[in-house]
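Every heavy atom of this structure was used, including side-chain atoms; hydrogens, water molecules and symmetry mates were not.
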Protein chains: 2
Amino acid sequence: MNRLLIDMETLERVAPIIRNVAHPLRLRILDYLDREGEPKSVSDIMDAACVGQAIASQQLRIMKDQGVLSSKREGNFVLYGIADQSVLLLLDCIRHHEAHK
Amino acid sequence: MNRLLIDMETLERVAPIIRNVAHPLRLRILDYLDREGEPKSVSDIMDAACVGQAIASQQLRIMKDQGVLSSKREGNFVLYGIADQSVLLLLDCIRHHEAHK
DNA sequence: TAGGTATATAGTGATATATCTATGTGGTGA
DNA sequence: TCACCACATAGATATATCACTATATACCTA
């Protein structure tokens, strides 16, 4: 076996994204958005994650900056959705891992 | 669809582990150990990751503390191996993701 | 345009991480 | 036991992150 290692450039690009997502609240938000299957408002997300408005907004912004989420305004509400489906692999890993132990 | 969300307790337990692993050097080390398929010495790991001795030792310790790696001494050398195979799912995710774009 | 609702951002202090240098420790062989 | 090799840890500094409060902004309705 002499497979090539994943190159450092890739690791340096991917690591901070994973790192940012690997936060209890942010994982919860992603899990919620994944389950709902459609963009949800900040208020809904606050309820699902049991956090205050500022925190929710900050976490959402962080993930939006990373390209993990996208947002669109609809009247008074701003709806957030998953922009990069590949982060859901992480959730799959967690679910899979939890199921087998 | 009304699947349950992953509970916060699980997320809080798993997040710091993922977070710690989601570091370019540490991912590289895991990728290397995965590819080699057997425990390797700190010196080998230094070469594979292109880092100095102290840094390598520190990263290894961090992952060992988290239970991701294990170590055993063999003469002058200390060999590190992967203790928790489930972190390899992360590498699979990265490889898979990189392959499809 | 005034007032309300929903969301975003600024500012802050506490805590954690990254990285580097220097030094300590454990094992081996002369 | 001394010197050496492989590795571990301490200490210091810079930087990033967290969680919170207060305040600002955007949009709607009347």
Original post:
OP1 or OP2 of D:dC18 less than 4.0 angstrom from a side-chain nitrogen or oxygen of A:H23, does that happen here?
Top reply: yes
Original post:
Can you tell me if the side-chain N/O atoms of B:Y80 get under 4.0 Å from OP1 or OP2 in D:dA8?
Top reply: yes
Subject >> Pair B:R28 + A:D7: basic N to acidic O under 4.0 Å >> reply: no
Original post:
5'-most contact on DNA chain C: A:N76 or A:Q58, nearest heavy atom basis?
Top reply: A:N76
Original post:
Any salt bridge between A:D65 and A:R61, counting N to O under 4.0 Å?
Top reply: yes
Original post:
B:R73 side chain N/O closer than 4.0 Å to the phosphate oxygens (OP1, OP2) of D:dC5?
Top reply: no
Original post:
What nucleotide among D:dC20, C:dT19, C:dT9 has an atom nearest to a side-chain atom of A:R61?
Top reply: C:dT9
**OP:** Between C:dA6, D:dC7, C:dT9, spot the one nearest the side chain of B:F77, thanks.
**Re:** D:dC7
Original post:
What's the CD1-P distance between A:I62 and C:dT7, to the nearest Å?
Top reply: 18 Å
**OP:** Say whether, by atom type as modelled, one donor and one acceptor occur between the side chain of A:D44 and the main chain of A:K40 under 3.5 angstrom.
**Re:** no
**OP:** Would you tell me if any nitrogen or oxygen in the side chain of B:S41 comes within less than 4.0 Å of OP1 or OP2 on D:dA6?
**Re:** no
Subject >> Side chain A:Q53 and base C:dA6 donor-acceptor under 3.5 Å >> reply: no
